[in-house]
Amino acid sequence: MAIRLPGITNAKNILRGSNSFAKKATSAFMDVPKGHLAIYVGESQKKRFVVPVSFLNHSSFQELLGKAEEEFGFDHPMGGLTIPCSEDIFIHLTSRLHELL
């Protein structure tokens with residue numbers, strides 16, 4: 001005699017799907033080296049950059065963080081830190097900061 005529990009089968013399928021999502025999310029975090037931070041930059045199309053955490057101490061970078069706080073508060077649309085400036089400005093700033101390191 002077999003007992004059928006359709007709810008259990010559905011739960012297993014849901015867990016399998018969430019497990020694959022967790023693996024994808026984990027792999028996204030794995031490409032950020034220790035001591036670095038992933039940041040999304042752009043005005044309309046967002047591009048992901050990985051920068052050293054030490055950049056957070058520089059006043060020019062803190063100005064960008066202030067703009068992000070004004071625009072997004074603590075609810076960032078990409079799920080991570082999002083800075084609302086052009087890629088060119090961000091690349092110029094990070095290039096200068098890399099020279100200081």
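Here the structure is a predicted model, which is why all the values come from computation and not from measurement.
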>> Could you measure the distance from the CD1 atom of Ile83 to the NZ atom of Lys46? Nearest 0.5 Å is fine.
In response: 10.5 Å

> Nearest 0.5 Å, what's the OG-CG distance between Ser60 and Leu97?
Replying inline: 4.5 Å

> Which residues pass the ring-ring contact (aromatic ring centres under 6.0 Å, His included) test with Phe55, sequence neighbours left out?
Replying inline: His98

>> Using every non-hydrogen atom in the two residues, find where Val32 and Leu37 come nearest and quote the distance to one decimal.
In response: CG1-N, 4.0 Å

> To the nearest 0.5 Å, how far apart are CD in Glu63 and SG in Cys85?
Replying inline: 11.5 Å

> According to a 4.5 Å side-chain heavy-atom criterion applied to Ile, Leu, Val, Met, Phe, Trp and Tyr, with indirect links allowed, do Leu100 and Ile89 form part of one hydrophobic cluster?
Replying inline: no

>> Looking at every non-hydrogen atom in both residues, tell me the closest pair between His36 and Val50 and how far apart they are.
In response: CB-CG1, 3.7 Å

> Within a strict 4.5 Å, meaning less than it, do heavy atoms of the Ile91 and Lys47 side chains meet?
Replying inline: no

>> Minimum heavy-atom separation for Val41 and Ser86, please, with both atom names.
In response: CG1-O, 4.0 Å

>> Checking the side chain of Glu43 only, and the main-chain atoms of Pro84 only, is there a donor and an acceptor separated by less than 3.5 Å?
In response: no

> Where do Val51 and Ile39 come nearest, in terms of heavy atoms and distance?
Replying inline: CG2-CD1, 3.5 Å

> Can you list the residues that meet the side-chain contact (heavy atoms from CB on, under 4.5 Å) rule with His92, with sequence neighbours excluded?
Replying inline: Arg96

> Roughly how far apart are Leu64 CG and Leu81 CG, rounded to 0.5 Å?
Replying inline: 9.5 Å

> For the atom pair NZ (Lys67) and CD (Gln62), what is the distance rounded to the nearest 0.5 Å?
Replying inline: 14.0 Å

> Nearest 0.5 Å, what's the CG-NE2 distance between Leu93 and His58?
Replying inline: 9.0 Å

